[in-house]
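In what follows, every chain begins at residue 1, and chains take the letters A, B, ... in the order their sequences are listed. Every value quoted in this text rests on a predicted model; they were computed, and no experiment measured them. Side chains are part of it too, since the values below use all heavy atoms of this structure and drop only hydrogens, waters and symmetry mates.
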Amino acid sequence: MQAMSGRSLYLGELEHLLLLAILKCDEHAYTVPIRAMLAEQGGRRLSRGALFTSLDRLETKGLVRSRMGDPLAERGGRARRYFEVTAAGLKALQAARSALATLSEGLDAVLESPLESKT
Amino acid sequence: MTQRPPVSSPPQLARRIIGRLISDDRWRDVALGDLDEEFRDVAARRPAWRAGLWYWAQAGSFATHGVRQSLSSFLAPAGDGPIGSVWRDIRLSARSLARQPLVTTVVLITLALGLGANAATFGLVDRLLLRPFPFSNVDRLVVLSERAPNSIGDQGTVAPANFLEWRQQVSTLGRVTSTLWWDVNLAGGDRPERVQGHLVSSNFFETLGVAPILGRTLQASDEVWGQHHQVVISEALWQRRFGGSPDVIGRTIRVDGETRTIIGVAPRAFAFPFGTDVWGPLAFTPEQAANRGAHYLTVFGELEPGADIERARAELSTIYARQKEAHPEPMRTRELIVLPFTTAMVDIGLVPILGLWQSAALFLLLIGCFNIAGLLVARGSDRQGELGIRLALGASRGQIVRQLLVESAVLAAAAVPLALATGWLALRVLRDSMPAKIIPFVSGWTELGIDLRVALVMIAATGITCLVFGLWPAISVSGVTPTAPLREGGRTMTASAGRSRLRRGLVVAEIALALPLLVASGLAALAAHRLANGPQGYEPSGVFQMRMILPAATYKDADARRQFGRRLIVRAESVTGVEGVGITSVIPAGVSNQTRRISIDGVPENPDAPVEVNYRAISSGYLQTMGIPIHSGRSFAAADRDGSQRVAIISQSLAEKYFATGAALGRRIRVGEGEDAWTTVIGVSRDTVDDWFISRRVPTMYVPFDQAPTNTVNLVARTDRNPVELAAGLRHALASVDVAQPAFAEMPLRDSLHERTASLRLVAGFMGAVGALALLLAGVGVYALMAHYVGQRRHELGVRMALGASTGDVLKLAVGHGMKLAAIGIVLGLGGAAALSRLIENAMLGVIALEYPLFVAVTGLLLIVAFAASLVPAARASRLDPTVLRR
């Protein structure tokens, strides 16, 4: 729980989802697949502008870092921007997850019974 | 996926727009790259147009994202400084106002109407009174006039000899110029035309700083008598008659039977004075140039640099005193007046009308403010809980007042554009409802609108308004003790005594303000109705009129004019449908007047108070055709002609003023000088209303047209058909007398009367609208108060009903409360209306006096509205179940 005391590590819901999506995309984590992942698996349709703003914010907080790829013909000679979760980002995710787990303890009956479990 | 069709490229424009929308270079490349990449996919699966559309949608998404970003950064709290906290208050207010859409809407509509009415009236005052003339040097121009006391329709104009001397002698004025009314007939072309002209001194255009768009304006040599055959024409006339042709300079034009050369075209929209189309040089014969007794010039000049109006006044009065000493007789009763141009040239009748409008608009705004203040106090009472908690949590009273004030300011700011739009619309309606014929006489009318000046004044007025309706409630509401609302479990039993006193006071004030406003509206409506439909002293229905001005070049002497009159009457009488025909030099509800100084045989003359009367030359059939009865004596007959005994008919008012009852007949009156000017009174006629504003029951004298033929001839013909049917026949009759003579003002007399009263109908319409709004606002005010009063007393009413009070008792209690307030307001309002009555009568141009039935009617109307407004909430309360009320 001590991680939660750091103010910069506090995660908004969208930030939380974004970090997870980046992790899931792994080495293909550039803007297009991240946005697609968020829409398909996170249920969040984000405008490109909002995506860029949020990624910028995560980078400022030091939770992710980015690098430019090589120029590509199908992008009109432009490069892709790849994202990677930093150690701090990972820490924040873990903290949030453990907080969730602690809080959810003993609530299985409530949280699971009425809904079908999702994969 | 196996065989990809050829890929189209994204729309270039959309791509460029997106490029512009993203300011960060790196992100711009990423965005465009992403879109290219995805576009290939989309284009592979969909037709090209769908892919294009998709790309455009992405551009749209970037745009909305951009707007939202900048908005939210704009709305973000700006730190903890004073600006930041005001900003927070504004956001808080916007949110709290949005939570009560009904109150907010009512307040916004009230402000839009109240401020809009003021924007419109201020727009009028600004354009018509403060700066009606567009000349760049208008502040340096002064008008000089010789005023004569006791003259009818005091024009205060100047005699030629005096003007000519001033022009040479005055050093404080750089240029002195003069104008003279000059109605002209334009001949040639397909049809003769009557246009407005003015004869002007050669330096007229330079004095006003106006340069021609074609040719030249007048020069000193044009002013010499005998060489004065030039004209400058207006741009409008140039387009209308000459198709805007540039070779118009040097062409000749027949003006009043004279040939004149066109030397210049005035710039577009310049038509000073009074919609002038033709300016001719003002030249004087030697006799005219020496005349000091006939005052007919309008004179104005431009102050020399460094001189002010006081110095000009001082210098001119010295000159004038010298002139008076040298020529005592014609100038004895005159005095010299020097006034700023705008003051002198603005129609004095406008001042009381616009004054009335502006004050009516202010009253309306005040009523609106009281209404809004009442609503805000009520809202504040409902928010005692919230505010009490904020105080308890450490907010200072100042902070709470500030937040409440900011709420008012947010409302006011939101109302500004609405108010300006309302004002613009009101001015539009006003502009369109003014008859085209009157517009040239109201300088500035065509420029009416909401401009930056009006907008700025309105914004300032809105600020003050906001304090009026916001400060009081804010202070009153913030006077809550932090614990009181909490102790009572968040429910207020009754509003604190001070607050409800304030609200009651506001409603009383609203009614007190609405009453004089309604009285004024009622008066305006009555006056307009009476003007158009009331007794005129003659019978305007069934009469057709047309006007001719006989040019001096064609009709050189009295005999030519006399023959024209006789022949015209004979021809007109034979027109089918005509039952009676008459001619007159001046027609009621016309635009001109004629007055003469008279002497009465046996009444000593008082040189300081000469007797001046309205003077008309009429044919023998005129009085009968117009339906003006003879009270005693006889009307003119065919035998009263040139060479026979000179006779006159006088109006009742003239007879009463200077003769004992019934003693006027047979007495003699002299018009002008000389023994042959004596006429004998043979009849006394009923008075007529020639012009409701300046000449009602003005002593009037009629002489036979045959004995004193004038060059202005108004033909009137009576019929039992629709008078319009006479038009063609009368025109034909005129053509058979003189084919080159144009006629104008051809219309039924009723229509002419209607036109003359248009301005008063406009006043009535505006006042009616303001009165109706005031009544509505006062009604809403009473309703809101009563709804709140009943709402806050549900508990008490419930107890009363449970204890056996009937529905009627509850109704009586609640309605009685409302009516008591209305009664106090009405008493105060009646006092106000009585105190303002002189002002209201003046604004109505003395057309109508305050009348008690109107007071009674207005009082009744207000009582009914107040009754209805209190009954509805009271009835709702009395229908409720007592147990519900008590909960």
Side-chain angles (χ1 to χ4, degrees), chain A residues 7 12-15 17-18 21-22 24-42 44-85, chain B residues 1 4-46 51-76:
Chain A
R7 204 176 177 172
E13 189 207 3
L14 180 61
E15 290 171 334
L17 293 176
L18 261 177
I22 292 170
K24 271 211 160 169
C25 287
D26 203 14
E27 78 259 35
H28 302 295
Y30 68 98
T31 44
V32 174
I34 295 174
R35 186 163 164 265
M37 177 74 73
L38 215 56
E40 284 157 26
Q41 298 197 14
R44 283 291 287 267
R45 299 196 62 85
L46 215 56
S47 82
R48 264 173 246 276
L51 175 74
F52 296 172
T53 317
S54 306
L55 287 174
D56 254 351
R57 196 166 55 231
L58 285 178
E59 195 165 19
T60 322
K61 284 186 178 177
L63 302 180
V64 299
R65 66 172 154 263
S66 69
R67 63 176 173 84
M68 301 305 287
D70 300 321
L72 293 169
E74 72 244 44
R75 293 174 59 93
R78 297 180 189 87
R80 288 172 177 158
R81 186 168 181 176
Y82 287 94
F83 287 85
E84 188 182 348
V85 177
Chain B
M1 281 284 184
R4 283 195 172 184
V7 175
S8 57
S9 61
Q12 284 307 307
L13 180 61
R15 196 210 288 262
R16 222 171 301 145
I17 290 175
I18 293 170
R20 279 287 170 83
L21 283 168
I22 304 170
S23 49
D24 183 314
D25 289 345
R26 283 207 302 171
W27 279 120
R28 187 186 309 124
D29 272 4
V30 170
L32 292 174
D34 281 5
L35 285 171
D36 273 11
E37 204 179 319
E38 287 184 56
F39 181 79
R40 290 166 74 96
D41 263 10
V42 176
R45 280 179 283 125
R46 307 222 193 273
L53 213 61
W54 174 87
Y55 201 98
W56 273 107
Q58 303 305 308
S61 145
F62 271 112
T64 50
H65 175 74
V67 169
R68 214 175 294 152
Q69 280 292 105
S70 47
L71 253 185
S72 69
S73 72
F74 185 63
L75 283 172

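- Annotation: the span from A/Phe52 atom CZ to B/Asp24 atom CG amounts to 10.0 Å, rounded to 0.5 Å.
- Heavy-atom minimum distance, A/Ser66 versus B/Arg26: OG-NH1, 4.4 Å.
- A parallel orientation is assigned to the rings of B/Trp27 and A/Phe83, their planes being inclined by less than 30° (bins at 30° and 60°).
- Under the 4.5 Å side-chain criterion, counting only non-hydrogen atoms from C-beta, A/Arg78 is not in contact with B/Val30.
- With B/Asp34 as the partner, the side chain to side chain donor-acceptor pair (under 3.5 Å) test is satisfied by one option alone out of A/Arg35, A/Arg81, A/Arg75, A/Arg48: A/Arg75.
- In this structure, no portion of B/Arg28 lies under 4.5 Å from any heavy atom of chain A.
- Looking at B/Leu32, both its backbone and its side chain come within 4.5 Å of chain A, counting heavy atoms on both sides.
- Taking both residues in full, the closest heavy atoms of A/Gly49 and B/Phe62 are given as N-CE2, 3.9 Å, listed atom of the first, atom of the second, then distance.
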Exercise for the section: Begin with the C-alpha distance, continue with both residues' side-chain angles, and end with the deciding distance and a verdict on side-chain contact (heavy atoms from CB on, under 4.5 Å) for A/Val32 and B/Glu38. Expected result: CA-CA 8 Å; A/Val32 174; B/Glu38 287 184 56; 3.5 Å; yes
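- The contact between B/Glu37 and chain A is made by backbone and side chain atoms together, counting heavy-atom distances below 4.5 Å.
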